[in-house]
Amino acid sequence: QVQLVESGGGSVQAGGSLRLSCAGFGYTYSIHCMGWFRQAPGKEREGVAGIYTDDGSTYYADSVKGRFTISQDNAKNTLYLQMSSLKPEDTAMYYCAARFACASYSASWSAKYLYNYWGQGTQVTVSS
């Protein structure tokens with residue numbers, strides 16, 4: 001079993017920055033890829049960024065490329081999402097997620113149905 005706990009959300013003005021954290025507990029050695037997703041009210045949950053934890057390869061949604069950075073600290077079992085140049089359209093609940101199996105991850109990183117574990121989410125609100 002794996003537990004994921006997000007933190008770091010909050011309210012910020014457009015153009016500002018936030019760093020989200022996701023701490024993993026339990027059988028984290030079995031996790032080989034992780035992702036950040038977000039869900040705005042009335043919208044589908046969408047992939048924001050993914051990382052293949054074995055080699056550090058990263059993947060991003062076009063809407064956040066150049067502004068968001070996903071990273072990991074293996075010693076702390078923690079995943080991060082550094083968000084810069086935030087826009088009002090980035091407002092959403094942000095979730096981290098973890099997968100055991102990561103075949104063809106470059107093509108499937110944003111497929112939310114493939115993730116085995118999810119955190120409870122942390123709210124990000126960006127005002128104009």
Side-chain angles (χ1 to χ4, degrees):
Q1 193 72 299
V2 173
Q3 295 81 43
L4 302 173
V5 180
E6 301 100 334
S7 61
S11 297
V12 65
Q13 288 194 323
S17 299
L18 281 174
R19 189 178 79 158
L20 306 184
S21 299
C22 173
F25 303 92
Y27 296 106
T28 56
Y29 61 84
S30 62
I31 299 302
H32 298 285
C33 44
M34 299 188 71
W36 285 100
F37 289 75
R38 67 186 181 188
Q39 187 167 18
K43 293 190 175 182
E44 292 279 327
R45 190 171 298 189
E46 63 175 358
V48 174
I51 186 167
Y52 184 61
T53 58
D54 289 1
D55 67 9
S57 298
T58 57
Y59 307 91
Y60 297 93
D62 288 343
S63 59
V64 306
K65 276 181 184 175
R67 300 189 299 121
F68 290 11
T69 302
I70 187 172
S71 63
Q72 59 182 348
D73 184 332
N74 292 333
K76 296 182 179 179
N77 285 333
T78 301
L79 181 73
Y80 300 101
L81 185 68
Q82 178 67 47
M83 305 185 295
S84 303
S85 301
L86 282 162
K87 304 175 181 179
E89 50 264 45
D90 294 319
T91 296
M93 185 72 78
Y94 283 72
Y95 300 88
C96 71
R99 277 168 58 171
F100 301 135
C102 307
S104 303
Y105 189 63
S106 61
S108 68
W109 71 268
S110 62
K112 53 186 181 288
Y113 64 93
L114 292 177
Y115 285 79
N116 305 102
Y117 296 105
W118 292 84
Q120 82 289 349
T122 186
Q123 178 68 37
V124 172
T125 302
V126 184
S127 58
S128 56

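From a predicted model like this one, the values you see are computed outputs, not experimental measurements. Computation of the quantities below employed the complete heavy-atom set of this structure, encompassing side-chain atoms and omitting hydrogens, waters and symmetry-equivalent molecules.
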- With T78, the side chain to side chain contact (heavy atoms under 4.5 Å, CB included) member among S21, S7, C96: S21

- Any donor and acceptor pair, going by atom type alone, linking the side chain of T125 with main-chain N or O of S11 inside 3.5 Å? no

- Item | Side chains of N77 and F25 in contact at under 4.5 Å (non-hydrogen atoms) | no

- Message: Show, in sequence, the C-alpha distance, side-chain angles and deciding distance for Y105 and Y59, and conclude whether the ring-ring contact (aromatic ring centres under 6.0 Å, His included) test is met.
- Response: CA-CA 9 Å; Y105 189 63; Y59 307 91; 5.6 Å; yes

- Are any side-chain N or O atoms of Q39 and backbone N or O atoms of M93, one a donor and one an acceptor, separated by less than 3.5 Å? no

- Query: Can you check whether R67's main-chain N or O pairs, donor with acceptor, with Y60's side chain at less than 3.5 Å?
  - Reply: no

- Task: Starting from the C-alpha separation in whole Å, work towards a yes-or-no answer on ring-ring contact (aromatic ring centres under 6.0 Å, His included) for Y27 and Y29.
- Result: CA-CA 5 Å; Y27 296 106; Y29 61 84; 5.7 Å; yes

- Cationic tip of R45 within the cone over W118's six-membered ring, i.e. under 6.0 Å and within 45° of the normal? yes

- Taking the six-membered ring where the residue is Trp, are the ring centres of Y115 and F37 under 6.0 Å apart? yes

- Task: Check for a donor-acceptor pair, side chain of S84 on one end and backbone N or O of S17 on the other, with a separation under 3.5 Å.
- Result: no

- Query: Is S108 close to R99 at the side-chain level, that is, under 4.5 Å between some pair of heavy atoms?
  - Reply: yes

- In the single-linkage hydrophobic clustering (I, L, V, M, F, W, Y; side-chain heavy atoms under 4.5 Å), do I70 and V64 co-cluster? yes

- Task: Would you list the pairs meeting disulfide bond (SG atoms under 2.5 Å apart) in which at least one residue belongs to residues 46-78, sequence neighbours left out?
- Result: none

- Query: Does G26 offer a backbone N or O that forms a donor-acceptor pair with the side chain of Q1 under 3.5 Å?
  - Reply: no

- For Y80, is the NZ or CZ atom of R19 found under 6.0 angstrom from the centre of its six-membered ring and inside 45 degrees of the ring axis? yes

- Item | Summary of salt bridge (Lys or Arg N to Asp or Glu O under 4.0 Å) pairs that have at least one residue in residues 112-122, sequence neighbours excluded | E44-K112

- Message: Would you say that E46 contacts R38 through its side chain, given a criterion of any heavy-atom pair below 4.5 Å between the two side chains?
- Response: yes

- Item | Qualifying disulfide bond (SG atoms under 2.5 Å apart) pairs with a residue from residues 98-128, counting only residues at least two apart or across chains | C33-C102

